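Since the structure comes first, as structure tokens, the remarks are kept for the end.
Since we're looking at a predicted model, the values are computed, not measured. Start at 1 and go down the list; that is how both ligands and their atoms are numbered.
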Amino acid sequence: MQNAPTHTPAQDLLARRINVLGPHTPLFYDEPLHLVRGEGVWLYDHSGKRYLDVYNNVPHVGHCNPRVVEAMHRQASTLNVHTRYLHNNIIDYTERLSATFADSLSMAMLTCTGSEANELALRMARHHTGGQGIIVTDFAYHGNTEAVAEIGTGFMPESRHTKRVKAFAIPDSYRGIEGVAEEQLADAYVAQIARAIDEFAAEGIPFAGMLVCPDFANEGLLNIPAGFMEKATALVHKAGGLLIADEVQAGFGRTGKHWWAHQWYDITPDIVTLGKPMGNGHPLAGVVARGDLINAFTEHSMYFNTFGGTPVSCAVGMAVLDALEQDNLLENAVSTGDYVAAGLRQLQTKYPLIGEVRDRGLFFAVELVTDPVTKTPAKKQARRIINLMKEQSVLISTIGVHDAILKLRPPMPFQPEHADVLLHTLDKVLQQVSEELVHG
Ligand SMILES: Cc1ncc(COP(=O)(O)O)c(C=O)c1O
């Protein structure tokens, strides 16, 4: 007689994963999710259970979007080579891509990951300015290469901080700076950037620029004080630095009104980096920048990326742009985004656990606090909420310094009917977690 199995298939898979990938490779949820299929805004686990995806921005135009799959298949069955041959796809794609930017951002270089794009942007900025010093926020994540990890203040032990990187406090209108009036906040944060520039000068480290996500997405999708980006950009330029906008997470129409998050402000970056949604899951990323910067850099340093910008990658990138345009997904991000935001604000009136709701298109941050007056981050409750939401078939996650901000960022075909599922489930879960908070 055979012994009854002691582990479920998911537990077996987890054990094998730990053996081969180690215990520190990140996984979501207290009980990890074993997914096997995706379609549009839906994901299916190994048992056939269906989940509403309100988290993943990489499958930007929907999981397994047929247009993207077909384009990938068609080009992969025809030709796939690197970029040292002439091919129409990379030209058609980068022309179309750069047309969504200001005229000065006229050239592109393609890579495979956002990290590579940021690495390239840093190299270009340092080459152009002759400087080394880079300014970021004090909770930044921009990728995982050596140079990019160096500017990642968010997840790096202080012992690894280097002299080439200085940080300013994340500009946050919700918590602000103690003793600083709301209308003075933008100037107070900009003053921190000015101080960092002065410190670089005093330490003999020439300044190269500032690299920020214009949505401050990993920081918590903050409502930044009005005028901050314009003043910060002017200051960086005056000091001879470049502005690098990391749109890896924020770009490709996620914020609805514009193609790019920096277009919400009256600024033009010198370099913009792209990734995640660009290939709907296919590894496609890149840099769009001022032509003079790209020309000067590539003349000095030969740059070749074996898998960056292949005919297949560019066919995929084209299909993503087609889907965004033909399915009116930017317009949908505005209308469905407004619908979700209104629903979240309605929940805020019901649950003091919600300190602030922030939204930009189809990107939402729900700041959780155990006390709306002290604004104490509700980290434990945030974790409980995302796990309970998963049990009830809705996938969300957390962000921010304290991991106490719910991060909602669904694929762009998200509709009001999906929003109703999200809001109804979140209502139930907030009710439960709020009661637990009151009753300890
Ligand atoms: C803002 C931002 N920039 C860059 C990256 C790095 O992109 P990748 O993981 O493709 O290297 C990330 C990834 O999470 C990101 O959130």
For Tyr44, the side-chain hydrogen bond (donor to acceptor under 3.5 Å, both in side chains) test, sequence neighbours excluded, returns none
Parallel, tilted or perpendicular: which describes the rings of Trp264 and His258, with under 30° parallel and over 60° perpendicular? perpendicular
Indicate, with yes or no, if the rings of Tyr55 and Phe28 have centres closer together than 6.0 Å.
yes
For Arg175, the salt bridge (Lys or Arg N to Asp or Glu O under 4.0 Å) test, sequence neighbours excluded, returns Glu367
In chain-and-number order, ligand 1 lies under 4.0 Å from a heavy atom of each of Thr113, Gly114, Ser115, Asn118, Tyr141, His142, Gly143, Asn218, Asp246, Val248, Gln249, Lys276
For the NZ atom on Lys380, are there more than 12 heavy atoms of other groups (residues, nucleotides or ligands in this structure) within a distance under 6.0 Å?
no
Between side-chain atoms of residues 244-251 and protein atoms elsewhere (two or more places apart, or another chain), which donor-acceptor pairs fall under 3.5 Å?
{"residue": "Asp246", "atom": "OD1", "partner": "Val248", "partner atom": "N", "Å": "2.9"}
{"residue": "Asp246", "atom": "OD2", "partner": "Asn118", "partner atom": "ND2", "Å": "3.0"}
{"residue": "Asp246", "atom": "OD2", "partner": "His142", "partner atom": "ND1", "Å": "2.7"}
{"residue": "Glu247", "atom": "OE1", "partner": "Ala261", "partner atom": "N", "Å": "2.9"}
{"residue": "Glu247", "atom": "OE2", "partner": "Ala261", "partner atom": "N", "Å": "3.0"}
{"residue": "Glu247", "atom": "OE2", "partner": "His262", "partner atom": "N", "Å": "2.8"}
{"residue": "Glu247", "atom": "OE2", "partner": "His262", "partner atom": "ND1", "Å": "2.8"}
{"residue": "Gln249", "atom": "OE1", "partner": "Lys407", "partner atom": "NZ", "Å": "3.1"}
{"residue": "Gln249", "atom": "OE1", "partner": "Arg409", "partner atom": "NH1", "Å": "2.8"}
{"residue": "Gln249", "atom": "NE2", "partner": "Asn218", "partner atom": "OD1", "Å": "2.9"}

